[in-house]
Amino acid sequence: MKKYLFILFAFFSFQIKATPTKSLNVGWEVWYPYQYQGKNKQLMGVDIAIMNAVAKQMSIDLVYEELPWKRHLKYIKTGQFDVAMGSSKTTERQSYAYFTQPYRLEEIKLFVLKEKVQTMQLQSLADVINNQYIVGVERGYFYGEEYNKLSTRDDFKNHFNEVTDLSQNVKMLLKGNIDGLLADPIAMNTYSDFFNLQGKFTQLPLYIYQTEIHLMLSKSSMSPIHLAQFNKVITALKDSGELNKIINNTL
C-alpha cells in the first residue's frame, strides 16, 4: 500500500511542477539598450520587450525586480528567481539552469579613451600580464573561456577591477582610475548616446568574445516542460519575423 501511495504522490508532485506557471519572478539590471527604465520608470529595452512578448504568448504574468547580476545568478540557483534575461550559456550555469533557444547575439570588446588609443596596444588578453594596465569588468559576467582560464592566474586577475555595472566602469575610465573596460559595443554606444559621451571612447580591434544569448530558467523552480514551452514560443517569434522586428525597433 505504501508503495502505491508513494507512486501516487510522485505522480501528483510531477504534475504540479509541470503545470505552466502563471507568474514568474524575473530579475533585471540597468544595461542599455537591453534592460533599463524610461522617463516614466517603465521598463524598456530589447530583453524586456522580448521577455514580455514571450510571456504574452504563454499567458503568464511577470514580476520584475532590479538586482545586481551576481546576486541574480545566486537566486536563479536557489529558485528565488525563475528567469534571467540576456544570459550566456556556460558549463557552470548549466548545472543549475536551463537555457532556451538563443534570441540574439552578443559581442565583447575592449574600450579605451580616444586619446589613449596609441598607448594601449594589446595583441591578446594575456598581454595585460606584462603591462601596467587595469581593465574594468562587471561582477558575475562571463567574458569567454580564454578570460576564465586566464583568471585562474593572479598575474592576470590583478589587472582587472570588478564593479557592479557599466556606469561605474565608464565613470572610472573617464577619471583615469582604469585604462580600459570590457563591454558589449551596442551597450557602450547606447550608454554614450544617453549620457552625451559620443566620441569619448574607442573600441580596440582585439577579439575578446562573441556568443549567442538566451533566457535562463532556474532548475529549482521550473521544469523541462517549461523550457519546451519557452522554446516553442521563441521559435514561433523567430519564424514569424516578430523577434527581429522587436530587436530592430528597440535598438
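Below, all heavy atoms of this structure are taken into account, side chains as well, without hydrogens, waters or symmetry copies. These figures come from a predicted structure and were not determined experimentally.
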Pair S167, Y191: side-chain N/O donor-acceptor within cut-off below 3.5 Å: yes

Looking at Q121, I want to see if its CD is surrounded by more than 12 non-hydrogen atoms of other residues, nucleotides or ligands under 6.0 Å. yes

For L251 and P33 the tightest heavy-atom approach is CD2-CG, 3.6 Å

Common cluster, V112/Y207, ILVMFWY with side-chain heavy-atom separation under 4.5 Å: no

Treating N130 as the side-chain partner and D127 as the backbone partner, does any N or O pair qualify as donor plus acceptor under 3.5 Å? no

Between the main-chain N or O of E29 and the side-chain N or O of Q35, is there a donor-acceptor pair closer than 3.5 Å? yes

Audit row: L182, K109, side-chain contact (heavy atoms from CB on, under 4.5 Å) steps and yes/no: CA-CA 6 Å; L182 297 183; K109 286 289 187 177; over 6 Å; no

Test L110 against L122 for side-chain contact (heavy atoms from CB on, under 4.5 Å), laying out the working first. CA-CA 10 Å; L110 175 60; L122 299 174; 3.9 Å; yes

Is it true that a side-chain atom of D179 and a backbone atom of V135 form a donor plus acceptor pair closer than 3.5 Å? no

Does V63 share a hydrophobic cluster with V26, counting links as ILVMFWY side-chain heavy atoms below 4.5 Å and allowing steps through other members? no

Does any part of the side chain of S221, heavy atoms only, come nearer than 4.5 Å to the side chain of H226, both counted from C-beta? no

Step by step, would you call Y103 with M51 a side-chain contact (heavy atoms from CB on, under 4.5 Å)? CA-CA 10 Å; Y103 64 90; M51 187 72 226; over 6 Å; no

Is it the case that atom CD in E92 sees more than 12 heavy atoms from other parts of the structure closer than 6.0 Å? no

Closest heavy-atom pair and its distance - L67, E65: CD2-O, 3.4 Å

When you measure from the side chain of Q57 to the backbone N and O of V54, does any donor-acceptor pair fall under 3.5 Å? no

Taking everything shown except Q198 itself, do over 12 heavy atoms lie less than 6.0 Å from its CD? yes

For the atom pair CD1 (I178) and CG (N169), what is the distance rounded to the nearest 0.5 Å? 4.5 Å

Close side-chain approach of M222 to V83, heavy-atom, < 4.5 Å: yes

Can you find a pair of side-chain heavy atoms, one from D47 and one from R104, that are under 4.5 Å apart? yes

Would you say the side-chain atoms of Q80 and T78 include a donor-acceptor pair closer than 3.5 Å? yes

Under the 3.5 angstrom rule, does the side chain of S220 hit a backbone N or O of K77 as a donor-acceptor pair? yes

Can you check whether I48 reaches M85 side chain to side chain, under 4.5 Å on heavy atoms? yes

Test log, rule side-chain hydrogen bond (donor to acceptor under 3.5 Å, both in side chains), inputs N148 and Y209: CA-CA 11 Å; N148 268 16; Y209 174 59; over 6 Å; no

Could you tell me the separation between the CG atom of L62 and the CH2 atom of W28, rounded to the nearest 0.5 Å? 14.5 Å

Can any side-chain N or O of K219 pair as donor or acceptor with the backbone N or O of Q94 at less than 3.5 Å? yes

Does the side-chain contact (heavy atoms from CB on, under 4.5 Å) test come out yes or no for V30 and E66, once each step is laid out? CA-CA 8 Å; V30 177; E66 183 179 7; 3.7 Å; yes

Quick one: side chains of residues 150-159, donor-acceptor pairs under 3.5 Å with protein atoms, not counting sequence neighbours, listed by atom name and distance.
residue, atom, partner, partner atom, Å
S151, OG, Y147, O, 2.7
T152, OG1, K149, O, 2.7
R153, NE, D155, OD1, 3.1
R153, NH2, D155, OD2, 2.8
N158, ND2, D154, O, 2.9
H159, ND1, V128, O, 3.4
H159, ND1, Y133, O, 2.8
H159, NE2, V128, O, 3.1
H159, NE2, D155, O, 3.4

Mind checking what makes ring pair (Phe, Tyr, Trp, His ring centres under 6.0 Å) contact with F81, not counting sequence neighbours? H72, Y75

Restricting to non-hydrogen atoms, name the atom on V46 and the atom on I247 that form the minimum distance, rounded to 0.1 Å. CG1-CG1, 4.0 Å

Would V137 and L174 show up in the same hydrophobic cluster when neighbours are defined by side-chain heavy atoms closer than 4.5 Å? yes

What's the spacing between E212 CD and L105 CG if we round to 0.5 Å? 6.0 Å

With E138 as partner, the option from Y143, W31, W69 fulfilling side chain to side chain contact (heavy atoms under 4.5 Å, CB included) is Y143

I need the minimum non-hydrogen distance between V170 and L197, along with the two atoms involved. CG1-CD1, 3.9 Å

Using a 4.5 Å cut-off on heavy atoms from C-beta on, say whether the side chain of I50 contacts that of L215. no

Hey, are Y98 and N231 close enough side-chain-wise for a donor-acceptor pair under 3.5 Å? no

Distance check, rounded to the nearest 0.5 Å: K70 atom NZ versus T164 atom OG1? 10.0 Å

Look at atom CD of Q132 and say whether more than 12 heavy atoms of other residues, nucleotides or ligands are closer to it than 6.0 Å. no

Enter the distance from I134:CD1 to L173:CG here, rounded to the nearest 0.5 Å. 12.5 Å

Considering non-hydrogen atoms only, spot the tightest contact between A53 and I246 and give its length. CB-CD1, 3.7 Å

Any idea which heavy atoms bring T90 and F99 closest together, and the distance? N-CZ, 4.3 Å

Counting C-beta onward and ignoring hydrogens, is there a side-chain heavy-atom pair between E107 and P185 closer than 4.5 Å? yes

Measure from the ring center of Y32 to the ring center of F194 and say whether it is less than 6.0 Å. yes

Mind checking the CE-OG1 spacing from M188 to T202? Nearest 0.5 Å is all I need. 9.5 Å

Is the backbone of T100 close enough, under 3.5 Å, to the side chain of H214 for a donor and an acceptor to pair up by distance? yes

With a cut-off of 6.0 Å (strictly less than), are more than 12 heavy atoms of other residues, nucleotides or ligands near NZ of K89? yes

pair L181-F201: side-chain heavy atoms closer than 4.5 Å: no

Without swapping roles, check the side chain of N25 against the backbone of D82 for a donor-acceptor pair under 3.5 Å. no

Any sub-3.5 Å donor-acceptor pair from R139's side-chain atoms to E162's backbone N or O? yes

